[in-house]
Amino acid sequence: MEKSLARYIWSNTRLEQIWILLVVAASMIPYFLSFDLPKQIVNGPIQGKGFEHPGDTQTFMHIAFDVPLIGHIEVFHGFQLTRMWMLVALSLVFLALVVLNGLFKLYINTYKGRLGERMLRRIRFELIDRVLRFPPAHFKRVKPAEIATMIKDEVEPMGGFTGDAFVQPALLGGQAVTALIFIIMQNFWLGMIAAAIVAVQAVVIPRMRKRLLELGRQRQLTARELSGRVGEIVDGIGTIHANDTTNLERADIAHRLGLIFSIRYDLYQWKFMVKFINNFLAQVTPFLFYLVGGFLALQGRLDIGQLVAVINAYKDLPGPLKELIDWDQSRQDVQVKYNQVVEQFSVDNLIDPKIQVVSPAPAGRITHSLLATNVTVVDDSGARVLDHVSVEIQPGEKVAIVGDSGAGGEYLAEAFGRLVWPDSGRVSIDGRDILELPESLTGRRIAYASSETFFFHGTLRSNLLYGLKHAPLIPPAYSEEEATKAKWQMNEARRAANPELDLNGDWVDYAAAGASGPEDIYSVIRPVLDAVAMSQDIFDMALRSNVDTASHQDLTSRIVELRQALRERLQEEKLEDLVVPFQFDAYNLQATVGENLLFGTLKRPQMTNRKLAAHPYFRQLFAETGLISDLYDMGLEIAENAVELFTDLPPDHPFFQQLTFMTAEDIPTYEALLQKLNGKGYEAATDDERSAIIRLSFSYIEPRHRFGLLTQMLMEKIVQARAKFYENIPADLASVIERYDPERFTASATLMDNVLFGRIAHQQANAPERIHQIMFDVFGRLGMHDGVLSIGLDFDVGSGGKRLTNVQRQKLNLGRALLKRADYIICNRPLPALDHRVQDQIARAILGDLDSAGYAPAIIWVLSNPSFAELFDRVLVFDHGNLVESGSTTDLLEKNGMFKELLS
């Protein structure tokens, strides 16, 4: 990277800087004229110079020039104006100059602001580009939070400085010199006083600010380290809690914050000392002007207009001068920051940009062997974890790698996947080093999966298809307005040296996955998910999801057909009792009291049980029916039973999972409420207390909670109140309650609730599991598996995929690798979170499915369990970084070597 920030800015913005400097030079003309005009106004119309007699006039706007070799040129003879009209005319010219100077400032500041933002965009992209080209080993020595802080925060001032780098000294210096020249032209001695003060400020203040720069550098380093430390705490929060080291971390953070405080306090002290001295010097000059200028005016050596003009000109001198000194400090400060960024991002052995060049064209098949020749890998401690290993993997060969953890096989797999660079030797294909091949080939034709998983924040779909997104292959369908905006964005990207790649296009390489387009991608995804035993997980996620009706209209429009098919299937298997359907004129024992009251669902978070219980319409209606006192009594008994049963249990007790109406944190609140309302009845409670009690009844299910509170009479009253509830329901309630309708999809309910249109009878043995399996078969029979799969793939995996279990993450990671249909598939202990039986099942499924699909890639699998080796053509046995045995399982067993020891 360029070491000098000024050179970096100039080399990338040369033409723009020259243009804005020309504009700055042009702005000096009206700026100078605005100094001279007050003198003309004071000496002329105001004091009457040239208007000594009534009716005298003067020429206004006389424009003429004396040009060498040509002579006198008259451009405009001007107007003859009286004293009053001359005052008006000169004042209007002064106003015009004010507006013109303001317009120049507006244009200059806007232009340099845009220039700075483009440069900030350029440098941020360049730094991220370098991160993407860091050698793999470098990431072990850097903290992600520190890198992110540098790119986000520490380069921010560089963008602002870019526009000021050359324009600011030219503009401010030009304004200061213009004002100084004007003062000297009015009076030499006053000019010398101003020049002397300026010289002192220009020499003393920058020297004093060197200490500020050093303190600023220390502040920046400590803040960056704090950011990295906070990132470590977030990543290691599990370890912290498991070892009771939260107070150690608090002490460490307090120490770091104390260090930052002391640095910032010193910075403030020194900063305001410099500002005090600078302001003092700036205020001394007007004092001298009044004293010396007044003395000269009394002697008649300086007229009043000149003194006013000098004082007015000096009024504009300290501002540019102070800003120029600030600019110099900013220049040094930004240069220090830039040097630190350059130091952090100047890394040896960066990946050549040519290796990562975008390639929309399909990658050619790898038809040659993957060859490791004398590969040696040394870890950070200096130990050889792979020692001069040579091995050849033929296309289509199935190779198992076995050995104890750390024996060396996993490092060979990482070398094949380009995640580790050999310290000596090389991995090659057709005589070419794999590190010199473009990623558009290796990243598409070699797939790698290990137990170390990472998923980006987004949906399951985007993460599963991530390995197929190499270039924008299908342009987006823009409207005319969107196309204009996209064109402008691409133009700005080009000016900032960013790639002109449209993120809104479709980047998925469907052909590489074996699909013709987005229409049939699920027919490719489904077998892969089946192979890694992930289909059921995604099906369950889909059933628990709320469905976006606009995106999945093909499924939601067939909801009646689905409900009917489920009923028929249950009747066929004589399992009708597994589901209790919703009926408007009947109470559903498996549903909550609230669902039975509403015969629908609340649109959360707009409406909750607490808000509903407090709604005036609700209170009025159920007061009329007498149901409100029944619900209050029910809620009171629920609270009493819950407090009695759970008050002495710890908050994490599994019994609390059975409480749908109360949390462990609510127990003390209701305990206090019961003590207050003990024996006082409904009328003694306040409105808020009634709402808090009544809402408990909304979540009550008799077969589940079994407090014996739901009588036949109460159920009939609830069904009767339900019909009355919808007769005159106000608009605000109708908009947040979605009523159950057997002919319509309920958007605020889950997919499973919509298909069931009822509730599972939980007293039946294994009812949820049986229902799930039946529903899976029903979706398949109706040809709707792809629609359900699409809903499940909409699931948000969270930051780093943390909303998935460890098992799900490992399955998904392996599935993503398989979906690429690569020529070489490297599995480096990809499923250690699963038991050996499931690992064996998945391995057999993958090997069998690939063969049956007529696509025969080479598979290199580092096994956690050596007994699976029989599934492979060849076995490589590693020990202490060495390849000690190689051959089929039959041959290795006959040798009675290390492989047989590993099996025993």
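A quick note: this is a predicted structure, and the numbers were derived from the prediction, not measured.
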- Query: Hey, what's the ring geometry for Phe134 with Phe345, parallel, tilted or perpendicular (30° and 60° as the breaks)?
  - Reply: tilted
- Item | Test item: Asp352 side-chain N/O and Ile355 main-chain N/O as donor-acceptor pair under 3.5 Å | no
- Message: As an exercise, state the distance from CG of Leu441 to CZ of Arg365, rounded to the nearest 0.5 Å.
- Response: 11.5 Å
- Mind listing the closest non-hydrogen atom pair of Ala513 and Val524 along with its distance? O-CG1, 2.9 Å
- Between the CG atom in Leu5 and the CE atom in Met158, the distance rounded to the nearest 0.5 Å is 6.5 Å
- Message: Are the side chains of Asn828 and Glu414 in contact, using a 4.5 Å heavy-atom criterion?
- Response: yes
- Apply the test side chain to side chain contact (heavy atoms under 4.5 Å, CB included) to residues Asn349 and His138: give CA-CA distance (whole Å), side-chain angles for both, the deciding distance (0.1 Å), then the verdict. CA-CA 10 Å; Asn349 300 320; His138 185 71; over 6 Å; no
- Message: Just so I know, are the side chains of Leu464 and Leu819 near enough to count as touching, which here means a heavy-atom distance under 4.5 Å?
- Response: yes
- Query: Which heavy atom in Leu804 sits nearest to a heavy atom in Val797, and how many Å separate them?
  - Reply: CD1-CG1, 3.9 Å
- Query: What distance do His470 atom NE2 and Arg444 atom CZ have between them, rounded to the nearest 0.5 Å?
  - Reply: 5.0 Å
- Message: Testing the basics here: between Arg118 and Arg495, what is the closest heavy-atom pair and its distance to 0.1 Å?
- Response: NH2-NH1, 2.6 Å
- Message: Using a 6.0 Å cut-off, check whether atom NZ of Lys485 has over 12 heavy atoms from anything other than its own residue.
- Response: no
- Task: Please examine the side chains of Cys827 and Leu814, heavy atoms only from C-beta on, and report whether any two atoms are closer than 4.5 Å.
- Result: yes
- For Arg426 and Val375, what are the C-alpha separation, side-chain angles and deciding distance, and is it a side chain to side chain contact (heavy atoms under 4.5 Å, CB included)? CA-CA 6 Å; Arg426 69 173 188 164; Val375 172; 5.8 Å; no
- Could you walk me through whether Thr376 and Leu386 pass side chain to side chain contact (heavy atoms under 4.5 Å, CB included), step by step? CA-CA 5 Å; Thr376 298; Leu386 208 59; 5.9 Å; no
- Please name the pair of heavy atoms, one in Ala471 and one in Pro360, separated by the smallest distance, quoted to 0.1 Å. CB-CA, 3.8 Å
- So, Gln808 side chain and Thr805 main chain: donor-acceptor pair closer than 3.5 Å or not? yes
- Item | Beyond-backbone contact of Ile525 with Leu465, side-chain heavy atoms, under 4.5 angstrom | yes
- If we ignore angles and hydrogens, is there a donor and acceptor under 3.5 Å between the side chains of Asn12 and Arg122? yes
- Message: Check this for me: Phe261, atom CZ, are more than 12 non-hydrogen atoms of other residues, nucleotides or ligands nearer than 6.0 Å?
- Response: no
- Side chains of Ser516 and Tyr510: is there a donor and an acceptor less than 3.5 Å apart? no
- Query: Within the side chain of Ser479, is there an N or O that forms a donor-acceptor pair under 3.5 Å with the backbone of Glu482?
  - Reply: yes
- Message: For the aromatic rings, using the six-membered ring if either is Trp, is the centroid distance between Phe456 and Tyr466 under 6.0 Å?
- Response: yes
- For the side chain of Arg229 and the backbone of Ile253, is there at least one donor-acceptor N/O pair under 3.5 Å apart? no
- Consider only side-chain N and O atoms of Asp502 and Tyr478, and report whether a donor and an acceptor are under 3.5 Å apart. yes
- Item | Under 3.5 Å donor-acceptor, Asn813 side chain and Lys811 backbone | no
- Query: Does a donor on one side chain and an acceptor on the other come within less than 3.5 Å for Arg461 and Ser790?
  - Reply: yes
- Under 3.5 Å: donor-acceptor pair, side chain of Gln810, backbone of Ala833: yes
- Query: Is any side-chain heavy atom of Ile446 less than 4.5 Å from a side-chain heavy atom of Asp823?
  - Reply: no
- Message: Let me confirm one number: the CD1-CD distance from Ile147 to Gln344, rounded to the nearest 0.5 Å.
- Response: 6.0 Å
- Task: List the steps, then state whether side chain to side chain contact (heavy atoms under 4.5 Å, CB included) holds for Phe455 with Leu460.
- Result: CA-CA 9 Å; Phe455 298 101; Leu460 268 168; over 6 Å; no
- Query: If every non-hydrogen atom of Pro499 is compared with every non-hydrogen atom of Phe125, which pair is closest and at what distance?
  - Reply: CD-CZ, 3.0 Å
- Query: Does the side chain of Leu370 reach to within under 4.5 Å of the side chain of Ile860, using non-hydrogen atoms?
  - Reply: yes
- Item | Heavy-atom side-chain contact between Arg809 and Asn806 under 4.5 Å | yes
- For the residue pair Gln335 and Asn339, confirm or rule out a side-chain donor-acceptor distance under 3.5 Å. yes
- Query: Shortest non-hydrogen contact from Val347 to Pro135?
  - Reply: CG1-CD, 3.8 Å
- Message: Tell me whether Ser462 contacts the main-chain N or O of Thr459 through its side chain, where contact means a donor paired with an acceptor under 3.5 Å.
- Response: yes
- Query: In Å, rounded to the nearest 0.5 Å, how long is the span from CD1 of Ile9 to CD of Gln17?
  - Reply: 7.5 Å
- Note on the structure: From the list Arg133, Arg418, Lys354, Arg445, salt bridge (Lys or Arg N to Asp or Glu O under 4.0 Å) partner of Glu439 resolves to Arg418
- Measure the shortest side-chain to side-chain distance between Ile538 and Leu529 over non-hydrogen atoms and say whether it is less than 4.5 angstrom. yes
- Query: Do the side chain of Ser11 and the main chain of Tyr8 share a donor and acceptor less than 3.5 angstrom apart?
  - Reply: yes
- Item | Any donor-acceptor N/O pair, Arg124 side chain to Ile151 backbone, under 3.5 Å | yes
- Does Glu500 CD have over 12 foreign heavy atoms under 6.0 Å away? yes
- Rounded to the nearest 0.5 Å, how far apart are OG1 of Thr373 and CG of Asp433? 9.5 Å
- Item | Check: Glu2/Tyr338 side-chain N/O donor and acceptor closer than 3.5 Å | no
- Message: Please check: side-chain N/O of Lys820 versus main-chain N/O of Gly443, any donor-acceptor pairing under 3.5 Å?
- Response: yes
- Task: Check the side chains of Asp794 and His552 for a donor-acceptor pair under 3.5 angstrom, ignoring hydrogens and angles.
- Result: yes
